[in-house]
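One structure is given below, encoded as C-alpha cells.
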Amino acid sequence: MSYLERYDSIPAENVSDRVNVINQGVWTDWTQLFKELRESRPIFITPKFVLVSLFPDVQEVLSRSEYFSVRGYTGKMDPVFGPCMLSRDNSEHNWREKSIIRSVLPLEDLSMVRKMAGEIAKSSLDKSAATGKIEVVHDLAKFVPIRLCGDYFGFPGPNLETMYRWSKTTQDDMFRNLTNDPTIHEASVQSGNEMRAYLSELLKEKRAKETETPTNFFTYLAQFFQPKTANNDQKIAPGDVFTRLANTKFPGDIPFSEERIIAHMIIFLVSSIEGTAQVITQIIEQLLKRPEIFQKALAAAKANDDETFDKYVWEALRFNPFSPFVVRFCEADYTLAAGTPRETTIPAKSVVLASIGSAMFDSAVVTHPDEFSINRPNYNYMHFSYGSHTCVGEHIAGVVVPEVVKQTLLRPGLRFLPGDEGKVEYQGYIPARFVVAYDK
Ligand code: HEM
C-alpha cells in the first residue's frame with residue numbers, strides 16, 4: 001500500500017495514526033513519499049506539516065519570507081549565537097551580516113581553499129592506505145572540513161573530538177530536533193557556551209598578531225575592486241577568516257561587535273562540518289553505485305578537468321541530497337500556486353516542509369529526472385536552498401566537496417566492501433558510518 005493509501009484509509013479524526021504514516025515517510029523513505037505527493041497531492045496539508053513537493057511551489061515558498069519565515073530556527077539558534085541571518089528574515093541582521101561575511105569569504109580564496117581541501121583529503125587517505133580501507137564519514141568527510149575550520153576559518157578548536165562534538169550537538173538541535181527534545185537542545189546550548197569561552201581567548205590572540213590585513217573595513221573591501229596587478233594580488237590578506245574579522249575596524253555606526261565576530265565563528269563551525277560530511281559521503285556512495293558513471297567521472301578527475309568532474313558530483317548528490325526539505329513557518333494564510341489546478345491555501349501557523357530534494361525531481365522543470373545527466377542547467381539544482389537564505393558558504397562547499405570526492409576517486413581500486421559492511425549506515429537520513437576499500 002502506498003503512503004497516501006495508508007493515510008486515506010485512517011479516519012480523519014485519528015490524527016496520531018495519520019501523522020505516524022507521514023512521519024515514517026518523511027524520516028525513513030522521503031523519496032517514495034514525495035514521489036507520491038508530486039504525482040497526486042503536490043501541496044499536502046496534514047494535521048502536523050504541510051508538504052510542498054513541486055519545483056515552482058518550493059521556490060515560491062522560499063521566495064516569500066514575509067509569509068514563510070525562518071521563525072522556527074530562532075529558539076534553537078539564539079541561545080547559541082544570538083539573532084543571525086538564518087534565524088531572521090528581512091532584518092538588519094540578514095542584510096548586514098551577509099554583506100560582511102561575504103566580504104571575508106571572497107571568491108579569490110577559492111583556488112586556495114580547493115587546494116587545502118585536496119591536501120587534507122590526501123593526507124587522510126594516505127594515512128588509511130596501509131589498512132586498505134577508510135571510514136569515510138569521520139576520517140575523511142568530517143575530518144577535512146574540521147581541519148579547514150582551523151586552517152581556513154581560523155577556528156582549530158582544542159582537539160578533534162571536541163570539534164566533532166560541538167558540530168554534531170549544535171546541528172542535531174538546530175536542524176534535526178523537530179520534536180524539540182530538551183536534552184538535545186541543552187547539549188547544543190552547552191556547546192555554544194564552550195565555544196564562546198574558547199573563541200573569546202582566541203580572539204585576543206588573533207588581535208595581538210600583526211597581520212598584513214588592512215585594518216579599516218572599507219580599505220579592506222576596496223582591494224577586491226582594484227584592477228588586478230601582481231602587486232595588488234600580494235596585498236590580499238593572507239590571514240585566516242577569523243584574523244580578517246578580528247583585525248577589521250568597523251565604523252561606529254556599523255554595529256559588528258566582538259560578540260558578533262565570535263558568533264560568526266561559531267556559525268562557520270555549525271554550518272560547515274556536518275553538511276559537508278554528509279554530502280561527501282552520499283556522493284561517493286552514489287558514484288560507486290553507478291559503475292559506468294563512476295568511470296566517466298574518474299576519467300575527468302584523471303584529466304584534471306574540474307569543470308566536468310564537478311558536474312558529476314552535483315548530479316550524484318541530486319539522487320541523495322543534503323536535505324530533503326527546509327522548514328518554514330507560515331506567518332499568515334497564503335494561497336500557493338494560485339491560478340493552477342493545485343492552488344491551495346496554507347493556513348497561518350502551519351509548519352511547511354519545502355522539499356528542495358523533491359523539487360529536483362519535478363519532471364515539469366528537470367528533464368528526465370530519473371536519469372543521471374551532467375548536462376543540466378545549474379538552476380535545476382537546489383542543494384544549497386533558494387531565495388533569501390541560500391547558503392552563504394555555497395562557493396566554499398562548491399570547491400571543498402568535489403575536491404574531496406575527486407581525491408577519493410583517484411585512489412586505485414576504490415570500491416564498496418562486500419555485503420553489509422560496504423553499506424552506508426544511516427541515522428535517520430544522516431550517514432553515521434561508511435567504510436570503502438582501495439588499493440595502496
Ligand atoms: C556541503 C556543504 C553545505 C551544504 C549542503 C549547505 C546547505 C545549506 C542550506 C540548505 C542552507 C539553507 C537553509 C534554509 O534555507 O533553511 C544553508 C544556509 C547557510 N549556510 Fe550552508 N551549506 C553548506 C556549507 C556551508 C558552509 C561551508 C558555510 C560557511 C560559510 C555555510 C554557511 C551557511 C549560512 C551562514 C547559511 C544561512 C544563510 C542565510 O540565512 O542567509 N554553509 N546552507
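Please read these numbers as outputs of a predicted model, since none were measured by experiment. Just so you know, ligand 1 is whichever comes first in the structure, and atom 1 is the first atom listed for that ligand.
- Using a cut-off of 4.0 Å between Lys/Arg side-chain N and Asp/Glu carboxylate O, R318 and D370 are scored as not salt-bridged.
- The closest protein non-hydrogen atom to atom 4 (C) of ligand 1 is F384 CE2, 3.5 Å.
- Of the candidates H395, K98, R328, it is R328 that places a heavy atom closest to atom 14 (C) of ligand 1.
- Residue contacts with ligand 1, taken as heavy atom pairs separated by less than 4.0 Å, involve V326 solely via side-chain atoms from C-beta onward.
- Y67 OH: 12 or fewer foreign heavy atoms inside a 6.0 Å radius.
- For the ligand labelled ligand 1, residue Q278 lies outside the 4.0 Å heavy-atom shell.
- The proximity of V400 to ligand 1, defined as any non-hydrogen pair under 4.0 Å, does not occur for either the backbone or the side chain.
- Looking from atom 25 (C) of ligand 1 to the surrounding protein, the closest heavy atom is S271 O, 3.4 Å.
- Set against the non-hydrogen atoms of V279, the atoms of ligand 1 under 4.0 Å away are 1 (C).
- The number of heavy-atom neighbours closer than 6.0 Å to CG of N159, taken from other residues, nucleotides and ligands shown, is above 12.
- Remark: of the listed residues F81, Y152, F153, F153 is the sole one forming a ring pair (Phe, Tyr, Trp, His ring centres under 6.0 Å) with F268.
- With a 4.0 Å heavy-atom cut-off, ligand 1 is reached by the backbone of L86 and by its side chain too.
- Using a 4.0 Å cutoff on heavy atoms, L105 counts as a contact of ligand 1.
- Protein heavy atom at the shortest distance from atom 40 (O) of ligand 1 is H389 ND1, 2.7 Å.
- Taking atom 27 (C) of ligand 1 as the reference point, the nearest protein heavy-atom neighbour is S272 CB, 3.4 Å.
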Can you list the steps and then say if F68 with Y334 is a ring pair (Phe, Tyr, Trp, His ring centres under 6.0 Å)?
CA-CA 9 Å; F68 299 103; Y334 181 82; 5.3 Å; yes
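- Looking only at protein heavy atoms, the nearest one to atom 7 (C) of ligand 1 is F322 CE2, 3.5 Å.
- Looking only at heavy atoms of the protein, atom 36 (C) of ligand 1 is closest to V392 N, 4.0 Å.
- Within the 4.0 Å heavy-atom criterion, the part of S388 lying near ligand 1 is the backbone and not the side chain.
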I would like to know whether F49 and F44 meet ring pair (Phe, Tyr, Trp, His ring centres under 6.0 Å); could you show each step before the answer?
CA-CA 8 Å; F49 312 117; F44 185 36; over 10 Å; no
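- Applying side chain to side chain donor-acceptor pair (under 3.5 Å) to R38 and the options S53, S363, S358 leaves one that passes, S358.
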Where do Y381 and Y386 land on the ring pair (Phe, Tyr, Trp, His ring centres under 6.0 Å) test, with the steps shown first?
CA-CA 9 Å; Y381 296 104; Y386 183 81; over 10 Å; no
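- With a 4.0 Å heavy-atom cut-off, ligand 1 is reached by no atom of E97.
- Side-chain atoms of D57 and R342, non-hydrogen and from C-beta on, do get closer than 4.5 Å to each other.
- At least one heavy atom of Y73 sits under 4.0 Å from some atom of ligand 1.
- Between D126 and K122 there is no salt bridge, since none of the side-chain N atoms of the basic residue sits less than 4.0 Å from a carboxylate O of the acidic one.
- Within the 4.5 Å cutoff, side-chain heavy atoms of N180 are placed close to those of K76.
- Of the protein's heavy atoms, C391 CB, 3.7 Å lies nearest to atom 8 (C) of ligand 1.
- For atom 28 (C) of ligand 1, the nearest non-hydrogen atom from the set S87, G393, S385, S323 comes from G393.
- Contact annotation: for V401 versus ligand 1, heavy atoms closer than 4.0 Å belong to the side chain alone.
- For the pair R260 and F250, the cation-pi test (distance below 6.0 Å, angle within 45°) is failed.
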